[in-house]
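For reference, the structure is listed below as structure tokens.
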Amino acid sequence: MNVIQIKDKQFAVSIPEARILQEVDRVAAEINRDLAGKNPLFLSVLNGSFMFTADLMKRIEIPCEISFVKLASYQGTASTGRVKEVIGLNEDLAGRTVVIVEDIVDTGLTMRQLLDQLAAHRPQEVRIATLLLKPDKLQVDLHIDYVAMQIPNDFIVGYGLDYDGLGRNYKDIYTVVSD
Ligand code: 5GP
């Protein structure tokens, strides 16, 4: 299926599964090398990162733990705007090496909020592993340790990412071709 229709939009395959898995292999090898002996805690940010998390974790060969969080979006004060609060975090992060596993960093505002909230739990170190990065959209200063792939600004679905709740199930990544 090279072209799919989701609601009002058409999408075409832009990154086939084989290419995604090549890059996941590379990121996993970097993490295996960098974090050996640190018993990292991987924190997968649901829903979008579920496929990336599964493929990444199958390739992690060092002792580690994995947990899942969600970000609940609500309207904060006038100065804070929309706030994304971490929910479902049950682990003690104090003194731990934490690796956030995210689907995509776009403006980076979500990641910034997540980092700020995790800092309150006093981890020793927080690293970021993202499947995708849109470098031209980044608005905040972020150090992203592991990036599987950089992409242009277009809207994408598949491999865990959705359009209005649909499209997460596709094994390839698709880019919007028409509105
Ligand atoms: P940021 O706060 O970095 O601007 O946005 C991050 C979130 O926006 C991601 O976790 C994801 O949910 C959503 N997002 C950004 N770009 C895309 C995209 O191209 N496709 C989809 N499906 N979601 C996106």
Side-chain angles (χ1 to χ4, degrees), residues 1-31 34 42-56 69-76 79-86 98-119 125-179:
M1 264 190 300
N2 273 326
V3 176
I4 53 170
Q5 177 91 30
I6 302 179
K7 297 200 167 174
D8 56 328
K9 295 191 198 308
Q10 274 199 337
F11 296 84
V13 172
S14 52
I15 315 176
E17 181 188 30
R19 166 84 209 292
I20 299 170
L21 293 179
Q22 247 177 14
E23 300 304 330
V24 176
D25 274 346
R26 175 183 54 76
V27 165
E30 290 170 14
I31 293 174
D34 295 350
F42 290 88
L43 266 193
S44 168
V45 185
L46 296 173
N47 295 327
S49 72
F50 80 95
M51 256 190 219
F52 174 44
T53 301
D55 283 331
L56 179 68
V69 294
K70 275 201 168 199
L71 298 176
S73 200
Y74 65 93
Q75 185 61 46
S79 63
T80 56
R82 283 209 78 72
V83 179
K84 289 186 176 171
E85 185 197 1
V86 184
V98 174
V99 182
I100 298 171
V101 182
E102 202 22 316
D103 53 357
I104 183 165
V105 175
D106 189 29
T107 62
L109 294 170
T110 305
M111 188 56 76
R112 186 74 265 158
Q113 291 195 3
L114 184 53
L115 287 171
D116 292 346
Q117 290 181 46
L118 293 185
E125 175 187 18
V126 180
R127 295 194 178 210
I128 301 171
T130 187
L131 174 70
L132 299 161
L133 170 68
K134 292 180 180 171
D136 298 338
K137 296 261 308 260
L138 204 57
Q139 286 177 17
V140 294
D141 187 26
L142 271 187
H143 176 72
I144 306 181
D145 303 87
Y146 308 104
V147 179
M149 290 164 293
Q150 301 203 5
I151 57 168
N153 284 345
D154 312 305
F155 187 76
I156 55 119
V157 295
Y159 196 70
L161 288 106
D162 74 309
Y163 170 46
D164 214 5
L166 297 168
R168 295 192 194 277
N169 49 305
Y170 293 104
K171 62 186 172 55
D172 307 301
I173 290 174
Y174 292 73
T175 297
V176 70
V177 287
S178 74
D179 287 301

Would you mind reporting whether V45 and T110 have side-chain heavy atoms less than 4.5 Å apart? no
Taking all non-hydrogen atoms of both residues into account, name the closest pair between D103 and G48 and its distance. OD2-CA, 3.3 Å
Are I31 and R127 close enough that some pair of their side-chain heavy atoms sits under 4.5 Å apart? no
Could you tell me whether the side chain of N2 and the main chain of V13 form a donor-acceptor pair under 3.5 Å? no
Y170 meets the ring pair (Phe, Tyr, Trp, His ring centres under 6.0 Å) criterion, sequence neighbours left out, with Y174
So L118 and I100, side-chain contact (heavy atoms from CB on, under 4.5 Å) or not? Walk me through it. CA-CA 10 Å; L118 293 185; I100 298 171; 3.7 Å; yes
Distance col, row I15:CD1 vs L132:CG, nearest 0.5 angstrom, shows 5.5 Å
With a 3.5 Å cut-off and sequence neighbours excluded, list the donor-acceptor pairs that the side chains of residues 147-159 form with protein atoms.
from, atom 1, to, atom 2, distance (Å)
Y159, OH, D55, OD2, 2.6

Nearest heavy-atom pair of R82 and Q113: which atoms, and what distance? O-NE2, 3.2 Å
Any idea which heavy atoms bring S49 and V101 closest together, and the distance? OG-O, 3.3 Å
Taking Q117 for the side chain and K84 for the main chain, is one N or O donor matched with an acceptor at less than 3.5 Å? yes
Partners passing side-chain hydrogen bond (donor to acceptor under 3.5 Å, both in side chains) against T107 (at least two apart in sequence or in another chain): none
Name all residues meeting the side-chain contact (heavy atoms from CB on, under 4.5 Å) criterion together with A12; count only those two or more places apart in sequence or in a different chain, and write none if there are none. V3, V177
Applying side-chain contact (heavy atoms from CB on, under 4.5 Å), can you list everything that pairs with D106, at least two apart in sequence or on another chain? K134, K137
CG-CD1 distance between L43 and I128, expressed to the nearest 0.5 angstrom: 12.0 Å
Could you tell me which residues satisfy side-chain contact (heavy atoms from CB on, under 4.5 Å) with R112, sequence neighbours excluded, listed by chain and number? L115, D116, V140, L142
Got a sec, which residues hit side-chain hydrogen bond (donor to acceptor under 3.5 Å, both in side chains) with Y163, two or more places apart in sequence or on another chain? D8
Can you name the residues that form a side-chain hydrogen bond (donor to acceptor under 3.5 Å, both in side chains) with Q139, not counting sequence neighbours? none
Ignoring hydrogens, what is the shortest heavy-atom contact between G167 and I6? Give both atom names and the distance. CA-CD1, 3.8 Å
Restricting to salt bridge (Lys or Arg N to Asp or Glu O under 4.0 Å), what partner residues turn up for E17, sequence neighbours left out? none
Identify, with sequence neighbours excluded, every residue that meets ring pair (Phe, Tyr, Trp, His ring centres under 6.0 Å) alongside F52. none
Would L131 and I20 satisfy side-chain contact (heavy atoms from CB on, under 4.5 Å), going step by step from the backbone distance to the final call? CA-CA 9 Å; L131 174 70; I20 299 170; 4.1 Å; yes
Minimum heavy-atom distance between V126 and D145, given as atom pair plus value: O-OD1, 4.4 Å
Across all chains, not counting sequence neighbours, the side-chain hydrogen bond (donor to acceptor under 3.5 Å, both in side chains) partners of D164 are K7
Name all residues meeting the side-chain contact (heavy atoms from CB on, under 4.5 Å) criterion together with L46; count only those two or more places apart in sequence or in a different chain, and write none if there are none. S44, F50, F68, K70
